[in-house]
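Notes follow once the structure below has been shown.
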Amino acid sequence: METILHLLPLTPEQQATFRSAAPEAEHLFLPTHDRRGATDIPPDWRQRITILMGFVPPSDLKTFPHLKWVQSWNAGVDPYLVPGVLPEGVVLTCAAGAYGPAVSEHMLAILLAIYKRLPDYRDGQKDHRWKDLGPVQSLHGKTVLVGGTGDIGRHFTNLCRALGAASVLGLHRSDTPVEGFDQTYPLSAIDQLLPQADVVALVFPHNADTAGLLDRRRLLLMKPDAVLLNAGRGSAVDCVALAEVLSGGHLLGAGMDVTDPEPLPPEHPLWEAPRALITPHTAGGYDHMALTLDNLAGLFLDNLNRWRTGQPLRSRMK
């Protein structure tokens, strides 16, 4: 018999659906609202659990001696893929496909806020200052470069097209065409593409190829009036260099939902950089938007059915 630990904050109806899907299993529910993972799991539960649906700190995995499968609620599972972290023989699946609407809408909201100078107008409101700040920007006719052509990147592409973007280019690990993009390029083409883009939107996972990708040199390759967005992993952008580039007057703005380091220390120069709009890694919070939780529950349920019937699991990473 499997013992399944559910860490998502599922509704009673969703819990009942999981019980019905696997009636022979023992279902343990520990609603977790901290995306850093659950740590207060009772020791006797750890001894019984064979399937983990959610996230625990990587160092905790060794405390589950009978673990067979981890279904993470994260789309990026790089901490689990460090050699020696995942116990030998344990299957790992990620939540790719669950966060597209939430993260892409957040990215678009930040982009439009920068384009329409909403942070400046909010500052004016605080000072009771009625002042027209002049011309604003539009996505109409713009070229958008999206780093990462998975679910989130494709959702963002569709939103940009709906607002009139003229061209959407994709960067990924190969030059294989991806539906929805005008053209896709391998990551090695980034230096040629950055000077063409009005918007550079990154949704890359963390890996050796993406860490430090946008350093000072590449930030300066971007158009002086371009906008940078990062909602993938903070390690893709040198945030100290970004603060310097913004302070020097380059770039129309930068919207950062992820940073390096994270959380961003209070003394970090990016906080005070002009035209920077920072959110604390909240774009894809599963307890921020009901649709995201529904998507995760649906993905987990589908994979549980596949597990029970011996079918290939979705988004298997190991």
Side-chain angles (χ1 to χ4, degrees), residues 5-15 17-18 29-40 52-57 71-80 93-114 116 118-119 122 146 148 150-160 162-163 201-206 228-237 254-264 270-271 276-303 315:
L5 176 61
H6 302 264
L7 294 177
L8 282 174
L10 301 171
T11 66
E13 292 76 18
Q14 288 170 328
Q15 292 184 15
T17 300
F18 275 98
F29 296 95
L30 183 63
T32 304
H33 297 275
D34 187 342
R35 287 184 296 159
R36 290 175 296 181
T39 57
D40 56 349
L52 171 64
M53 292 194 161
F55 181 80
V56 299
Q71 168 63 71
S72 175
W73 61 42
N74 292 321
V77 290
D78 38 283
Y80 279 6
T93 52
C94 73
Y99 293 98
V103 177
S104 62
E105 289 177 16
H106 189 99
M107 293 167 66
L108 181 65
I110 290 180
L111 175 60
L112 293 180
I114 292 171
K116 307 307 179 185
L118 298 187
R122 181 65 180 184
V146 181
D151 178 60
I152 296 171
R154 292 193 298 272
H155 271 85
F156 185 68
T157 292
N158 292 337
L159 294 177
C160 290
L163 290 181
L202 305 181
V203 287
F204 283 126
H206 171 82
L228 171 65
L229 305 172
N230 190 14
R233 288 293 180 265
S235 58
V237 178
M256 310 292 286
D257 185 57
V258 292
T259 60
D260 183 25
E262 192 173 299
L264 197 64
L270 190 60
W271 286 115
L277 184 52
I278 302 168
T279 53
H281 205 153
T282 54
Y286 58 77
D287 54 353
H288 291 174
M289 187 166 140
L291 177 60
T292 303
L293 181 57
D294 290 343
N295 287 345
L296 284 169
L299 187 154
F300 285 16
L301 187 63
D302 181 43
N303 259 354
S315 302

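The one candidate from L202, I152, N230 that meets the side chain to side chain contact (heavy atoms under 4.5 Å, CB included) condition with M107 is I152.
When all heavy atoms of L10 and A297 are compared, the pair lying nearest together is CD2-CB, 4.1 Å. When all heavy atoms of F300 and G54 are compared, the closest pair comes out as CE2-N, 4.1 Å. When all heavy atoms of A283 and H106 are compared, the pair lying nearest together is CB-CG, 3.5 Å. Residues L296 and A95 approach most closely at CD2-CB, 3.5 Å, considering heavy atoms. Contact record, H206 with S235: ND1-OG, 2.7 Å, taken as the closest heavy-atom pair. Closest approach of A231 to V103, counting heavy atoms only: CB-CG1, 3.8 Å.
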For D294 and Q14, run side-chain contact (heavy atoms from CB on, under 4.5 Å): C-alpha distance rounded to whole Å, both residues' side-chain angles, the deciding distance at 0.1 Å, then the answer. CA-CA 9 Å; D294 290 343; Q14 288 170 328; 3.3 Å; yes
For a side-chain contact (heavy atoms from CB on, under 4.5 Å) check, start with the C-alpha distance between N303 and M53, then their side-chain angles and the critical distance, and finish with the verdict. CA-CA 10 Å; N303 259 354; M53 292 194 161; 5.7 Å; no
What's the verdict on side-chain contact (heavy atoms from CB on, under 4.5 Å) for T292 and W73, showing C-alpha distance, side-chain angles and the deciding distance? CA-CA 10 Å; T292 303; W73 61 42; over 6 Å; no
Kindly indicate, with the supporting measurements, whether the criterion side-chain contact (heavy atoms from CB on, under 4.5 Å) is fulfilled by L52 and L7. CA-CA 8 Å; L52 171 64; L7 294 177; 3.7 Å; yes
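Interatomic distance, CG of L299 versus SG of C94, reported as 8.0 Å (0.5 Å rounding). Rounding to the nearest 0.5 Å places CG of L5 at 13.0 Å from CD of Q71. Atom CG of residue L228 and atom CG of residue L277 lie 12.0 Å apart, to the nearest 0.5 angstrom.
Between N295 and P101 the shortest side-chain heavy-atom distance falls below 4.5 Å. You'll find the side chain of T259 stays beyond 4.5 Å of the side chain of W271, heavy atoms only. Residues L112 and L163 meet the side-chain proximity criterion, which asks for heavy atoms closer than 4.5 Å.
Take T157 and apply the side chain to side chain contact (heavy atoms under 4.5 Å, CB included) test, not counting sequence neighbours, and it matches V146, R161, V168, F181.
Counting only N and O atoms by type, the side chains of T279 and D257 include a donor and acceptor under 3.5 Å apart. Side chains of H288 and T282: a donor-acceptor N/O pair is absent below 3.5 angstrom, by distance only.
Ring pair Y80/F55: centre-to-centre distance below 6.0 Å.
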